[in-house]
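First listed ligand is number 1; within each ligand, the first listed atom is number 1. Keep in mind it's a predicted model, so treat the numbers as computed, not measured.
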Amino acid sequence: MDKLRITGQRTLQGVVQASGAKNAALPLIAAALLTAETVQLSNAPQLMDVRTLAKLLRSLGAQVEQDGGQIRLSAAAVNHYEASYELVKTMRASVLVLGPLLARFGQARVSLPGGCAIGARPVDQHIKGLQALGADIAVEHGYIVARVATPSGRLRGARITTDMVTVTGTENLMMAATLAEGETLIDNAAREPEIVDLANLLRAMGAQIRGDGTSQIRIQGVDALHGASHRIIPDRIEVGTFLCAALAARGDVTVQGAEPSHQDALLDKLREAGAQIDTGADWIRLRADALPGGRPRAVSVRTTEYPGFATDMQAQFMAVNCLAEGAARMTETIFENRFMHVQELMRLGAQIDIDGHTCVVHGVPQLSGATVMATDLRASAGLVVAALAAEGETVIDRIYHLDRGYDAMEVKLRGVGAQIERISDRISGK
Ligand code: EPZ
């Protein structure tokens with residue numbers, strides 16, 4: 001298994017380029033199943049998760065070609081409606097094929113995702129919403145078996161209020177409703193920028209959607225959708241990770257190709273911590289090379305749904321608080337088990353008390369390098385941020401977690417002065 005070796009306390013300086021958003025690319029790729037015509041995506045990140053979803057679509061009979069940041073998709077020849085456990089178990093976002101398959105083909109058999117390191121993560125709201133749209137759904141042998149049970153054989157519009165805000169739940173229902181008969185209202189909908197990006201692609205494909213970005217999304221169903229081209233939004237979590245790295249390492253870094261308006265909650269917290277933040281149309285600059293007292297200020301955070309502070313930024317911001325002046329409370333409200341990085345940060349010398357869904361992080365003047373283990377995607381990003389600031393060498397094991405959501409992270413960080421390298425068993429022969 002690949003590892004990262006990082007020698008910390010190198011000044012980070014310069015420009016890093018943002019990639020397209022993983023959590024936008026995945027639903028956009030699934031949306032291609034809604035039409036027989038070609039969908040072209042640009043600014044696509046080169047990630048394990050994107051490759052996994054492409055493999056799933058090919059297993060359904062679709063054509064998927066990725067050439068760098070370009071992805072060309074055609075679901076004209078789809079003739080298989082099952083997403084196997086083998087594929088879904090490696091990436092739970094595979095459940096995003098459920099809505100499109102049901103809407104276009106009237107049937108789908110999708111493996112239940114199962115548990116995940118950060119929480120139980122059920123998909124009951126996806127199922128409840130699709131049942132409201134007229135699907136007959138049973139869970140058999142670990143699979144969601146869905147069939148459209150209306151006389152016309154098409155889903156029919158409905159009012160759906162989800163019990164909690166769910167991102168992929170909103171995306172699955174929005175996609176399904178595009179081909180339903182009549183109007184659908186999704187109430188308590190997620191408002192993430194990735195939802196708006198998906199709605200923009202679906203509109204370009206001929207869908208009628210209003211209210212995306214708010215908690216009430218209205219979709220007027222149409223008979224068919226056509227092909228379209230779409231540029232994927234920047235990855236606000238990747239951008240946020242680089243900004244946290246720059247602050248922890250007291251650097252001066254500009255992230256190019258970002259969308260500042262998607263980052264308000266995080267930028268507010270970074271400013272509160274003492275960072276100087278400047279933004280332009282498509283860039284964000286963070287300067288932490290002249291922090292008052294030489295250390296960030298401790299800043300308390302509570303993760304919530306967008307536009308609040310993202311749960312996917314919690315671990316990276318915790319790493320910053322580990323080095324801060326003072327103590328901070330960090331409360332995780334979205335996932336029940338998203339503090340796996342705490343023990344690993346403590347191996348680097350951090351002082352953190354866990355109390356249920358809240359951690360109290362007592363800042364220390366310095367962390368020291370050690371061998372640590374990645375447990376999930378964003379936990380591994382938090383360990384990278386901490387290691388960049390730690391004295392000496394850190395080795396992070398199991399970075400396959402990182403590769404799922406970060407496009408060539410070590411190359412990009414080296415570009416702004418980090419001393420970081422990938423150690424591969426294949427190379428070291430161990
Ligand atoms: C999306 O996951 C993201 N993944 C996650 O990013 C992100 O952490 C999460 O939204 C929250 O922002 C993708 O977009 C591919 P949810 P999703 O449904 O949609 C509960 C990353 O690091 N819930 O919004 O799976 C659920 O258990 C990943 O890139 C139900 O109970 O999250 C959770 O507690 C990790 N029943 C809460 O709602 C349901 O049917 C929010 O989950 C659905 C959700």
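Around atom CD of Gln63, no more than 12 heavy atoms belonging to other residues, nucleotides or ligands sit under 6.0 Å away.
The one candidate from Val385, Val342, Leu348, Val361 that meets the side chain to side chain contact (heavy atoms under 4.5 Å, CB included) condition with Cys322 is Val361.
Between Gly405 and ligand 1 there is no heavy-atom distance shorter than 4.0 Å. Ligand 1 lies nowhere less than 4.0 angstrom from a heavy atom belonging to Glu332. Using 4.0 Å as the threshold, Asp49 has no heavy atom nearer than that to any atom of ligand 1.
Taking 4.5 Å as the limit, some side-chain heavy atom of Leu345 sits within range of a side-chain heavy atom of Met318. Put simply, the side chain of His230 does not reach to within 4.5 Å of the side chain of Ser42, judged on heavy atoms.
Contacts between Val165 and ligand 1 below 4.0 angstrom, taking non-hydrogen atoms only, involve the backbone exclusively. At a heavy-atom distance under 4.0 Å, only side-chain atoms of Asp312, from C-beta outward, approach ligand 1. Contacts between Thr168 and ligand 1, counted as non-hydrogen atom pairs separated by less than 4.0 Å, involve both the backbone and the side chain.
Residue-ligand proximity, Thr311 to ligand 1, at heavy-atom distances under 4.0 Å covers atoms 8 (O), 11 (C), 12 (O). Counting atoms of ligand 1 from 1 in the listed order, those under 4.0 Å from a heavy atom of His126 are 40 (O). Residue Ile334 has at least one heavy-atom neighbour below 4.0 Å for each of these atoms of ligand 1: 33 (C), 34 (O), 41 (C).
In terms of polar-atom proximity, defined here as any N/O pair under 3.5 Å, Ile118 makes no such contact with ligand 1. Close N/O approach between Thr166 and ligand 1 is found [any backbone or side-chain N/O within under 3.5 Å].
Aromatic rings of Tyr143 and Tyr85 (six-membered ring for Trp) have centroids beyond the 6.0 Å cut-off, not under it.
For the residues Lys22, Gln125, Arg121, the heavy atom positioned nearest atom 25 (O) of ligand 1 is part of Arg121. Heavy-atom proximity to atom 24 (O) of ligand 1, evaluated over Asn23, Val95, Ile127, Val167, is greatest for Val167. Residue nearest to atom 35 (C) of ligand 1, selected from Gln314, Arg338, Met164: Arg338 (by heavy-atom distance).
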> Yes or no on side-chain contact (heavy atoms from CB on, under 4.5 Å) for Phe309 and Leu266, after CA distance, side-chain angles and deciding distance?
Replying inline: CA-CA 6 Å; Phe309 190 94; Leu266 176 67; 3.7 Å; yes
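Side-chain contact of Tyr81 with Arg104: a donor-acceptor pair under 3.5 Å is absent, judged by distance alone.
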